Amino acid sequence: MIQKVVPIALHRRAQQAATPLPLRGPLAAPGGVLLDGHQRRLHDLRISVTDRCNFRCVYCMPKEIFDKDYQFAPHSAILSFEEITRLARLFVEQGVEKIRLTGGEPLLRKNIERLIEMLAALRRPDGGSLDLTLTTNGSLLKRRAQSLKNAGLSRVTVSLDAIDDGVFRRMNDAEFPVADVLEGIDEAQRVGLGPVKVNMVVRRGLNDGEVVPMARHFRGSGQILRFIEYMDVGSSNGWRMDDVVPSAEVIARLGQFFALEPLESNYAGEVAQRWRYTDGAGELGVISSVTQAFCGTCTRARLATEGSLYTCLFASHGTDFRAPLRTGASDAQLAGLIAAVWGRRDDRYSALRGANTLPRAKIEMSYIGG
Ligand code: SAM
Ligand code: SF4
Ligand code: SF4
């Protein structure tokens, strides 16, 4: 049963409730890395550039809640490109090596290419290149892929939950043909935004029949399909454990049709477990966020649309950066705030999920940035 909540109001309350940290605190050495309470390094920053979306995926922005009366963040409340870039620079100076733009649907943010240019110009203190990526539902990708690449984007991840139009519609509650998303994926690959990763959230009884057809479609394409366990993010999707299809089951189902073998991770802390087709048709991945939590290696911070910083996807509270940004905080003060937030981080929601028996309000994924 879907619970009627008002996530934006919830967010505002959470923002107000967040204890403002003093604008001082540990300043990391330039080029130094920040460690949290569990010795996890701050390595990735996800930035939600808009809380709006042209889809209404049932597991993310169900229509019953995100309807015509829903109050999205007004333009004056969302961070400007200059504000985002200033904060991103301070994160990069403190060890962030990867930035992902997300939302909501990031390609709905007007002139996102300009923001990408600004972020692509940031330099890591160690001289390495910044990995600048974006997650999109693919609906606007075909005509934007080249301009995104020209602006300096490294790669894209595209979400696609079915290869069958009817099932796709049931998942995203929008009238949008699968073929257009596939063309967007191919165009992204063609302009050099690949290898494109394709994310499929698997929800039992809705699109789990698409696991094998999706694998069949992407096998041999050079595009990497990843199956994601349906998560209990936010408070509006009516999540139940019964709706989760564990990755082990996905692999078992695929194993009935294709010969697969596990691959080593590309790097420590990679969230996807990689598999390859033994006949050389490429690789796929599973992301077992529910059944095999990876909190121990979670190195991500999330900057929400209106400038609150969250250190967990399942957070109830964030730390406001917009007010300091707009009231003259210096770079040193903002850097100190980042260090203080990360330093006191203790999040392990998924690892403790079984023990989290008390219901609590969580920020919606479209707002916090998926
Ligand atoms: N609109 C873009 C998109 O769909 O790719 C970017 C934002 S979306 C919130 C980011 C990712 O989160 C998508 O791949 C989406 O499928 C995933 N996601 C959203 N809600 C989820 C849930 N409840 N469980 C698992 N993944 C979810
Ligand atoms: Fe929109 Fe992405 Fe959420 Fe679907 S998953 S509703 S496309 S933000
Ligand atoms: Fe990271 Fe929170 Fe997810 Fe654990 S539950 S992996 S801490 S975002």
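Values below: all heavy atoms of this structure, side chains included; hydrogens, waters and symmetry mates excluded. Because the structure is predicted, anything quoted here is derived from the model rather than measured. Atoms within a ligand are numbered from 1 in the order they appear, just like the ligands themselves.
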Item to complete: Say whether L225 and V156 are linked into one hydrophobic cluster, either directly or through other cluster members, by side-chain heavy-atom distances under 4.5 angstrom.
Response: yes
Discussion item. I'd like to know if V167 and F218 are part of one continuous hydrophobic network [Ile/Leu/Val/Met/Phe/Trp/Tyr, side-chain heavy atoms within less than 4.5 Å].
Written reply: no
Considering only the protein, which heavy-atom contact is closest to [atom], and what is its distance?
| atom | answer |
| --- | --- |
| atom 8 (S) of ligand 3 | L313 N, 3.3 Å |
| atom 2 (Fe) of ligand 3 | C312 SG, 2.3 Å |
| atom 4 (Fe) of ligand 3 | C295 SG, 2.3 Å |
| atom 7 (S) of ligand 3 | D347 O, 3.6 Å |

Practice prompt. Apply salt bridge (charged side-chain N to carboxylate O under 4.0 Å, His left out) to R253 and E249, showing your working.
Written response: CA-CA 6 Å; R253 284 199 206 180; E249 184 179 329; 2.9 Å; yes
Worksheet item: Does T299 offer a backbone N or O that forms a donor-acceptor pair with the side chain of R40 under 3.5 Å?
Response: no
Item to complete: Output the distance between atom CZ (F55) and atom CD (E175), rounded to the nearest 0.5 Å.
Response: 10.5 Å
Suppose I only count heavy atoms of [X] and a 4.0 Å limit; which atoms of ligand 3 are within that range?
| X | answer |
| --- | --- |
| Y349 | 5 (S) |
| C298 | 1 (Fe), 6 (S), 7 (S), 8 (S) |
| S350 | 5 (S) |

Should [X] and [Y] count as an ion pair when the cut-off is N to O under 4.0 Å?
| X | Y | result |
| --- | --- | --- |
| E83 | R322 | no |
| R89 | E93 | yes |
| R276 | E261 | yes |

Worksheet item: Under 3.5 Å, is there a donor-acceptor pair linking the side chains of D232 and Y349?
Response: yes
Worksheet item: Counting no waters, what protein N/O/S atoms lie under 2.8 Å from atom 3 (Fe) of ligand 2?
Response: C60 SG
Discussion item. Taking side chain to side chain donor-acceptor pair (under 3.5 Å) as the cut-off, I'd like each qualifying pair that reaches into residues 284-295, sequence neighbours left out, listed once.
Written reply: E229-T291, S247-S288, Q273-S288, Q273-Q292
Please tabulate, for side-chain N and O atoms in residues 185-195, each donor-acceptor pair with protein atoms closer than 3.5 Å (sequence neighbours left out).
unit_1 : atom_1 : unit_2 : atom_2 : d
D186   : OD1    : Q223   : NE2    : 3.1
E187   : OE1    : R190   : NE     : 3.0
E187   : OE2    : R190   : NH2    : 3.0
Q189   : OE1    : V196   : N      : 3.1

Worksheet item: Under a 4.0 Å heavy-atom cut-off, which residues neighbour ligand 1?
Response: Y59, C60, T102, G103, G104, E105, T135, T136, N137, S159, N199, V201, E229, Y230, M231, V233, N237, M365, G370
Item to complete: Report yes or no: is the cationic atom of R114 (NZ for Lys, CZ for Arg) closer than 6.0 Å to the six-membered ring centre of F81, at no more than 45° off its axis?
Response: no
Fill in: Side chain proximity check, E210 to I163, heavy atoms < 4.5 angstrom
yes
